[in-house]
2 protein chains.
Amino acid sequence: MSKLATKDIIVEIADQLFYQQGYQHTSFADISNEVGISRGNFYHHFKSKDDILDAVIQRRLANTEKMLNDWQEDEQTSLEQIRCFINILIMNRAKIKLYGCPVGTLTTELAKLDHPSLIDANKVFSLFADWLEKRFLDLGQKENAKELALHLLARSQGIATIASAFQDETVLYREVETLNEWLTTYS
Amino acid sequence: MSKLATKDIIVEIADQLFYQQGYQHTSFADISNEVGISRGNFYHHFKSKDDILDAVIQRRLANTEKMLNDWQEDEQTSLEQIRCFINILIMNRAKIKLYGCPVGTLTTELAKLDHPSLIDANKVFSLFADWLEKRFLDLGQKENAKELALHLLARSQGIATIASAFQDETVLYREVETLNEWLTTYS
DNA sequence: ACAATTTTAGGACGGCCGTCCTAGAGTGCT
DNA sequence: AGCACTCTAGGACGGCCGTCCTAAAATTGT
């Protein structure tokens, strides 16, 4: 029982630290200190640091998929479902202010490292993009549903980047409002 | 003569490498190999790695200021001047696809490192923001010139992030077009 | 031409990194 | 109770990092 738990805890802690400190800047010592296990014990659960990164990405993919499904079940209209996506920025504003968007900052880092896991990390973006595309299709945007999805993705990325750079929430609130007004055009 | 030149070359190479590989991931060995000088010789020109980072940021600030002044002189209307800003995305599309926006990715990295130079790195953003604000003021947007400037900054950041994540130029071209259409609203 | 100063090369240093190894502790099954 | 297996702790290992030191080379000023 605790076998799986320990492994899951490692991934959970690594997920947080990779987000807050970046992948490179997070060492095994950091993770093991936080988890409370010895440094050497790591390699019983994972082959390498890259292996942990892969596990973290898989975890994020699963969590994202679950979140999107929940929104689909909880909200009635496609418009309200899309607003759930926009609302992440408000919900996570405190962390975004400090560390930016978890998805965007990881892909940015991996791109610069020319890291092979960039492809997998991008799948989180793709999950959002595909899901948003379906909502826009449902709103009758047959021609440019994919374009609108990527546009919304880009807008939210920009908001997170600026809010993090200036460590400021007011620009985040204002831009989210602008984004919601933009969305009204497609209702 | 060569005294200043060597120092400048170091900063120039460091600037490129910090952009392409990230600050942390760029080592003294990387820079010295590229410049063609010995590793030990570095500390005659700079006190530390952070010292080089500061020099790189100062260089970027100077270059940005020069670029903005050039646009001001070359283009007649404020609208055309703003379009110069948007057009950076097209001009630098190849590099943006690979490494993202130099300003945004550096601030993102420094924010995660909790690095003291984040404040200075942000000044590049502020240069753009203040400059854009004045153009929007000139376009008669007295009430929300600053908001429009930050909005444009955020939009371009988002485009760079998505283009880099998906290593794709088509989304960049399309989003720039959307951005230009948006700007027409304020002419 | 010579002394003073600046610039350079190259190695040495501690430190932290990811990784690996080994011995012991814990656990479950018969 | 005894055995097999899983899990854990802690240290050892090469390697690279940023930094520092020293001595020689190049440059400058007079």
Open item on the list: From CZ of A:F28 over to C1' of D:dA12, roughly how many Å is that when rounded to an integer?
Closed with: 17 Å

TODO: On DNA chain C, check which nucleotide each of B:R39 and A:Q24 is closest to and give me the residue with the more 5' one.
DONE: B:R39

Open item on the list: Let's see if you can work this out: which of C:dT8, D:dA9, C:dG11 has an atom nearest to the side-chain heavy atoms of B:H45?
Closed with: C:dT8

Open item on the list: Rounding to an integer number of Å, can you tell me how far B:I10 CD1 sits from C:dA9 C1'?
Closed with: 14 Å

Open item on the list: Does D:dT6 have OP1 or OP2 under 4.0 Å away from a side-chain N or O of A:T6?
Closed with: no

Open item on the list: Please determine whether a side-chain nitrogen or oxygen atom of A:S27 lies at a distance below 4.0 Å from atom OP1 or OP2 of C:dC17.
Closed with: yes

Task: A:D54 and A:S117: side chain donor to acceptor below 3.5 Å - done: yes

Open item on the list: Expressed as a whole number of angstroms, how long is the span from B:I31:CD1 to D:dC16:C1'?
Closed with: 15 Å

- [ ] Would you sketch DNA chain C in dot-bracket for me? Only Watson-Crick or G-U wobble pairs with both distances under 3.5 Å count, crossing pairs as [ ], other-strand pairs as |, the rest as dots.
- [x] ||||||||||||||||||||||||||||||

- [ ] Check whether any side-chain nitrogen or oxygen of B:S48 sits under 4.0 Å from OP1 or OP2 of D:dG18, and answer yes or no.
- [x] no

Task: Out of D:dA9, C:dT19, C:dA9, whichever nucleotide has its closest atom nearest the side chain of A:K49 - done: C:dT19

TODO: Choose from C:dA9, D:dA9, D:dG11 the nucleotide whose nearest atom is closest to any side-chain atom of B:I37.
DONE: C:dA9

Open item on the list: As a test of reading the structure: which of D:dG18, C:dG18, D:dT8 is closest to the side chain of A:Y43, going by heavy atoms?
Closed with: C:dG18

TODO: Output yes when at least one side-chain N/O atom of A:H44 is less than 4.0 Å from OP1 or OP2 of D:dC7, else no.
DONE: yes

Task: Touch class at under 4.0 angstrom, heavy-atom based, for A:S32 against every strand present - done: nothing

- [ ] Could you check whether the rings of B:W182 and B:F136 sit parallel, tilted or perpendicular, using 30° and 60° as the cut-offs?
- [x] perpendicular

Result block: side-chain N/O donor-acceptor pairs under 3.5 angstrom for residues 88-100 of chain A, not counting sequence neighbours:
{"residue": "A:R93", "atom": "NE", "partner": "A:Y173", "partner atom": "OH", "Å": "2.8"}
{"residue": "A:R93", "atom": "NH1", "partner": "A:I90", "partner atom": "O", "Å": "2.9"}

Open item on the list: Could you tell me how far apart B:F42 (CZ) and C:dA9 (P) are, to the nearest whole angstrom?
Closed with: 11 Å

- [ ] Verify, without hydrogens or angle tests, whether B:T26 (side chain) and B:L17 (backbone) share a donor-acceptor contact under 3.5 angstrom.
- [x] yes

Task: Criterion ring-ring contact (aromatic ring centres under 6.0 Å, His included) against A:W131, the qualifying member of A:F85, A:W71, A:F125 - done: A:W71

Task: A:K134 side chain vs A:A129 backbone, donor-acceptor pair below 3.5 Å - done: no

Task: Where at least one partner belongs to residues 104-114 of chain A, residue pairs that pass salt bridge (charged side-chain N to carboxylate O under 4.0 Å, His left out), sequence neighbours excluded - done: none

- [ ] Tell me which of A:H25 and A:N41 sits closer to the 5' end of DNA chain C, going by the nucleotide each one is nearest to.
- [x] A:H25

